[in-house]
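I have placed the structure first, in the form of structure tokens, so that the comments after it can refer back to it.
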Protein chains: 2
Amino acid sequence: MSARHTKITDDDCPVREVLNRVGDKWSILVVAVLRDGSMRFSDLRRSVDGISQRMLTLTLRGLERDGLVTRTVTPTTPPRVDYALTRLGRSLLDPIMALAEWAEKNRPAILSARWRFDEADRPRANPSPPGGKSARGARGA
Amino acid sequence: MSARHTKITDDDCPVREVLNRVGDKWSILVVAVLRDGSMRFSDLRRSVDGISQRMLTLTLRGLERDGLVTRTVTPTTPPRVDYALTRLGRSLLDPIMALAEWAEKNRPAILSARWRFDEADRPRANPSPPGGKSARGARGA
DNA sequence: AGCAGACATGGAGGTGCCTTCTTGCGCAGG
DNA sequence: CCTGCGCAAGAAGGCACCTCCATGTCTGCT
């Protein structure tokens, strides 16, 4: 993260920089779908489940703007627009896949941690148990 | 991405799963700061530039819930609360760093792509130039 | 007694992302 | 002639996240 010093800022962190551009709801999905090659708008729309036409347009625009995908119009009728990853876009897939692997590998650990955490608070919803200090559980400081 | 098939869903994609938990504004920053070891709440607050007390609390709660950080209360006076990455949290650092490296390496390419894109639309803000088709630029389909 | 230092929580308000609906265009085909 | 397909863009509304401000607790200092 490069900040060996005392502070980290929002834009000091390169990761946040990426996430600010590609961390939205759909960009990663679109990039993932385009992994296997070029695809036209309507097929993209079908491949990314649940995306609306508008959001697909906007997402693609953002990706195109940052040089991650190319847009190619074939003026047939009806017009055909193909999108494909650029080299830059493909290179993004590496760190993305690393993240995906991490996620799949650690999903069980996360889920069980979450379960434990949620269970720990439900029984004693009381903010201050009569017993004593409790170094974990009720978090009144 | 695992979806060789025709569709990708929001929760089919492990990456989105991670981002839904840790893709918010502060989590990554907090994890990054905790990289070098345990830190108490107030120091964390000072280290993550711009974060409010409330958001730091909420962010840490989320990370704790998912088993990425531990919370340790030392009941001195005034009370002292230390946060540290768990093994799981540290393991997340690897893919995160990969992303950071990608970001730093490709920032120039992205910025110049963006600049080019923005320049290409400013001159002819006209939605339909009288000339003709224009396979790139004005995007009326 | 009163205040400050360390941590957590609550409410009110803003802003931006996302969703849905609607409009536009250009041409082929019934 | 009117309707359909494929793509894009606009307006309006909802919701989740984030921000600021205020309150609460416990103890030791002045």
Side-chain angles (χ1 to χ4, degrees), chain A residues 10 16 19-30 39-46 48-65 69 71-83 121 125-129 132-141, chain B residues 10 16 19-30 39-46 48-62 64-65 69 71-83 121 125-130 132-141:
Chain A
D10 191 9
R16 288 254 28 102
L19 292 187
N20 283 337
R21 294 290 125 202
V22 111
D24 58 69
K25 185 172 183 182
W26 300 109
S27 291
I28 295 284
L29 275 333
V30 171
M39 196 177 291
R40 55 186 305 183
F41 186 87
S42 43
D43 291 333
L44 225 34
R45 178 150 167 49
R46 272 182 285 276
V48 181
D49 193 69
I51 197 172
S52 68
Q53 189 166 349
R54 174 172 181 74
M55 278 320 288
L56 182 54
T57 300
L58 291 181
T59 301
L60 286 167
R61 286 272 259 167
L63 294 174
E64 185 195 1
R65 183 168 114 103
V69 309
R71 180 185 129 106
T72 314
V73 176
T74 314
T76 60
T77 63
R80 172 199 179 99
V81 183
D82 286 272
Y83 291 91
D121 271 355
N126 200 320
S128 66
K133 294 268 141 167
S134 92
R136 226 257 82 202
R139 58 237 300 91
Chain B
D10 191 8
R16 288 257 24 104
L19 292 187
N20 283 336
R21 295 289 125 204
V22 112
D24 58 65
K25 186 172 183 182
W26 300 109
S27 291
I28 295 281
L29 274 334
V30 170
M39 197 178 291
R40 55 185 306 184
F41 186 87
S42 45
D43 291 332
L44 225 34
R45 179 149 166 50
R46 272 183 284 275
V48 181
D49 193 68
I51 196 172
S52 68
Q53 189 168 346
R54 176 176 178 74
M55 277 322 287
L56 182 53
T57 300
L58 292 182
T59 302
L60 286 167
R61 287 270 258 167
E64 186 195 0
R65 184 169 113 103
V69 309
R71 180 185 129 105
T72 314
V73 176
T74 314
T76 60
T77 63
R80 171 200 180 98
V81 183
D82 286 272
Y83 291 91
D121 271 354
N126 200 320
S128 67
K133 294 266 145 174
S134 89
R136 227 257 83 200
R139 57 239 295 94

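So that the names make sense, note that chain A is the first sequence line, chain B the second, and so on, each numbered from 1.
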Touch class at under 4.0 angstrom, heavy-atom based, for B:T57 against every strand present: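 Counting heavy atoms under 4.0 Å across all strands, the contact made by B:T57 includes a base.
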
Minimum side-chain heavy-atom gap A:Y83-A:L63 below 4.5 Å: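 Result no, sub-4.5 Å side-chain heavy-atom pair not found.
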
Phosphate OP1/OP2 of D:dC5 contacted by A:S42 side-chain N/O (<4.0 Å):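 No, A:S42 has no side-chain N/O under 4.0 Å of OP1/OP2 on D:dC5.
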
A:R45 side-chain N/O to D:dC7 phosphate OP1/OP2 under 4.0 Å: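 For A:R45, the contact criterion (side-chain N or O under 4.0 Å from OP1 or OP2 of D:dC7) is not met.
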
How many whole angstroms separate atom [atom1] of [X] from atom [atom2] of [N]?
{"X": "A:D43", "N": "D:dC7", "atom1": "CG", "atom2": "P", "answer": "8 Å"}
{"X": "A:L19", "N": "C:dC17", "atom1": "CG", "atom2": "C1'", "answer": "15 Å"}
{"X": "A:Y83", "N": "D:dG6", "atom1": "OH", "atom2": "P", "answer": "15 Å"}
{"X": "B:N20", "N": "C:dC17", "atom1": "CG", "atom2": "C1'", "answer": "13 Å"}
{"X": "B:R46", "N": "C:dC7", "atom1": "CZ", "atom2": "P", "answer": "8 Å"}

Interatomic distance, A:M55 atom CE to A:W26 atom CH2 [nearest 0.5 angstrom]: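 Going from CE on A:M55 over to CH2 on A:W26, the span is 8.0 Å.
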
Listed nucleotide nearest any side-chain atom of A:T77, set C:dC7, C:dG26, C:dC27: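 Nearest nucleotide to the side chain: C:dC27.
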
Closest non-hydrogen atom pair, [X] against [Y]:
{"X": "A:V30", "Y": "A:L60", "answer": "CG1-CD2, 3.8 Å"}
{"X": "B:L29", "Y": "B:K25", "answer": "CD2-O, 3.2 Å"}
{"X": "A:P75", "Y": "A:V73", "answer": "CD-O, 3.7 Å"}
{"X": "A:L19", "Y": "B:G23", "answer": "CD1-CA, 4.3 Å"}

Whether A:R21 side chain and A:R16 backbone form a donor-acceptor pair below 3.5 Å: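 No: the side chain of A:R21 does not pair with the backbone of A:R16.
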
Any donor-acceptor pair under 3.5 Å from B:T76 side chain to B:P78 backbone: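 Judged by distance alone, yes, a pair lies under 3.5 Å.
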
side-chain contact (heavy atoms from CB on, under 4.5 Å) between B:V48 and B:T59, intermediate numbers included: CA-CA 12 Å; B:V48 181; B:T59 302; over 6 Å; no

Under-3.5 Å N/O pairs linking protein and nucleotides 14-16 of chain C:
none

Strictly under 3.5 Å: I want the nitrogen or oxygen pairs between protein and nucleotides 18-20 of chain C, one per line.
unit_1	atom_1	unit_2	atom_2	d
C:dC18	OP1	A:K25	N	2.6
C:dT19	OP1	A:K25	NZ	2.8
C:dT19	OP2	A:W26	NE1	3.0

